[in-house]
Amino acid sequence: MTGPRARAALDAVPAYTPGRPAVVGGDGPAYKLSSNETPLGPLPSVRSALETETGRVNRYPDMSCAGLYAAVSERFDVPVAHLAAGTGSVAVLYHLVQALCEPADEVVFAWRSFEAYPIALAAAGARGVQVPLCAGARHDLPAMAAAVTDRTRMILVCTPNNPTGTAVLAAELDALLDRVPEDVLVVVDAAYEEFVRDRDAADGLAAYRSRPNVAVLRTFSKAYGLAGLRVGFAVAPEPIAAAIRKVAVPFGVSGVAQAAAVASLRPEVEAELMERVDAIVAERGRVVAELAEAGWKVPDTQANFVWLPLGDHAAQFAAACERAGVMVRPFAGDGVRVSVAEPEANDLFLSVARDWPR
């Protein structure tokens with residue numbers, strides 16, 4: 001007897017690989033640049049909301065996320081009925097795939113892009129259709145449109161793209177939407193939206209307002225600094241949002257996470273948070289400029305990280321960074337993603353990059 005077995009389809013599902021934590025106990029400081037987190041902790045007012053809510057953890061959270069939906073609705077000017085929350089935007093994506101895809105349905109996405117995409121699709125029995133990135137490590141939207149068949153249910157557009165940082169332009173997204181049938185949902189994964197400074201970049205919410213087949217994923221993990229609390233949301237046409245909520249795990253978003261997210265959306269708090277984002281964007285500019293001066297050619301990043309297209313040397317470069325006291329995120333055979341963190345950490349990374357043979 002062999003005992004119970006998992007679905008055979010899961011044999012081909014890759015495991016999600018998180019960024020490795022910083023190694024402590026060495027000769028010098030250690031920094032984690034391997035996950036796209038903010039290096040700064042919660043603001044005092046958000047911390048106060050957290051402390052208040054932790055006194056209620058003996059109670060179930062509000063499953064309807066009423067306070068969170070109201071705050072998001074007001075901040076982004078979208079109907080509450082068009083919202084669906086989850087434990088980070090990645091969980092919302094999983095629910096979205098579960099809600100829309102039958103077995104063998106197709107989902108088109110760029111590659112390399114967010115590594116959770118093929119996992120979410122395979123777990124639901126859907127078929128991922130990967131379209132290679134084009135020059136500059138950017139989405140090839142014409143090729144993605146050409147990949148649509150009568151089995152296609154969704155197209156995933158990650159902008160800025162994780163891990164390359166490149167942003168889709170508004171004109172490019174419009175051209176894609178003009179070609180895609182209205183029964184195909186185009187999902188704009190905008191986890192890094194707050195870091196975008198290119199005025200020509202696509203605005204997922206603007207596309208959602210003007211088209212009947214656009215959904216947008218947003219998160220509080222990146223710019224808002226709540227990665228450890230796991231809270232994100234979708235803005236989608238009402239029937240799609242309702243379907244996501246139907247399949248979501250009951251009580252999935254904790255009361256602590258909801259309280260922190262609501263506190264983060266208060267105008268005075270959000271303004272302060274965005275000052276931090278501006279500081280990270282400025283530091284991103286410094287890092288990119290120093291890489292260029294050292295002879296690196298990196299994609300135009302609009303996120304809180306940079307991408308080094310190192311190919312087969314990704315693992316060796318990551319190991320060199322680790323010896324210098326910083327953890328970065330290698331993608332075997334493709335490159336290395338490096339989050340923009342505090343200047344001291346970025347300087348250690350840059351010291352390795354300057355000496356790396358090219």
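The basis for the numbers below is simple: all heavy atoms, side chains too, and nothing from hydrogens, waters or symmetry mates. For clarity, every value in this text was computed on a predicted model and none was experimentally measured.
- By the 4.0 Å N-to-carboxylate-O rule, Arg354 lies close enough to Glu290 to be salt-bridged with it.
- Checked by atom type and distance alone, the side chain of Arg151 never pairs as donor or acceptor with a backbone atom of Arg127 at under 3.5 Å.
- Remark: Arg286 engages Asp347 in a salt bridge, criterion side-chain N to carboxylate O under 4.0 Å.
- The closest donor-acceptor contact from the side chain of His95 to the backbone of Ile244 lies at 3.5 Å or more, if one exists at all.
- Judged purely by atom type and a 3.5 angstrom limit, Ser73 has no side-chain atom pairing as donor or acceptor with the backbone of Pro79.
- The pair Glu182-Arg211 does not meet the salt-bridge criterion, since no charged nitrogen lies less than 4.0 angstrom from a carboxylate oxygen.
- When the options Leu96, Val187, Val97 are evaluated for a side-chain contact (heavy atoms from CB on, under 4.5 Å) with Leu156, the one that passes is Val187.
- Remark: Glu37 does not engage Lys222 in a salt bridge, criterion side-chain N to carboxylate O under 4.0 Å.
- Of the possible donor and acceptor atoms, none in the side chain of Thr38 sits under 3.5 Å from a partner among the backbone N and O of Ala223.
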Side-chain atoms of residues 271-278: list all donor-acceptor pairs with protein atoms under 3.5 Å, sequence neighbours left out, distances to 0.1 Å.
{"residue": "Arg276", "atom": "NH1", "partner": "Gly41", "partner atom": "O", "Å": "2.4"}
{"residue": "Arg276", "atom": "NH2", "partner": "Gly41", "partner atom": "O", "Å": "3.4"}
{"residue": "Asp278", "atom": "OD1", "partner": "Arg197", "partner atom": "NH2", "Å": "2.7"}

- Criterion side-chain hydrogen bond (donor to acceptor under 3.5 Å, both in side chains) on Arg112 and Asn161, from CA distance to verdict: CA-CA 9 Å; Arg112 178 173 289 274; Asn161 185 46; over 6 Å; no

- Message: Apply side-chain hydrogen bond (donor to acceptor under 3.5 Å, both in side chains) to residues Tyr31 and Asn346 and explain how you reach the verdict.
- Response: CA-CA 9 Å; Tyr31 298 95; Asn346 299 330; over 6 Å; no

- Message: With side-chain hydrogen bond (donor to acceptor under 3.5 Å, both in side chains) as the criterion, how do Asn304 and Tyr192 come out once you've worked through the C-alpha distance, each side chain's angles and the decisive distance to 0.1 Å?
- Response: CA-CA 7 Å; Asn304 66 331; Tyr192 304 94; 5.1 Å; no

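- At a threshold of 4.0 Å, the pair Glu270-Arg75 counts as salt-bridged, since one of the basic side-chain nitrogens sits closer than that to a carboxylate oxygen.
- For the residue pair Asn36 and Arg329, no side-chain donor N or O sits within less than 3.5 Å of a side-chain acceptor on the partner.
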- Tell me, with the steps shown, if Arg218 and Ser89 meet side-chain hydrogen bond (donor to acceptor under 3.5 Å, both in side chains). CA-CA 6 Å; Arg218 299 289 291 266; Ser89 56; over 6 Å; no

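- When the side chains of ILVMFWY residues are joined at heavy-atom separations under 4.5 Å, either directly or via intervening members, Tyr208 and Val184 end up in a single hydrophobic cluster.
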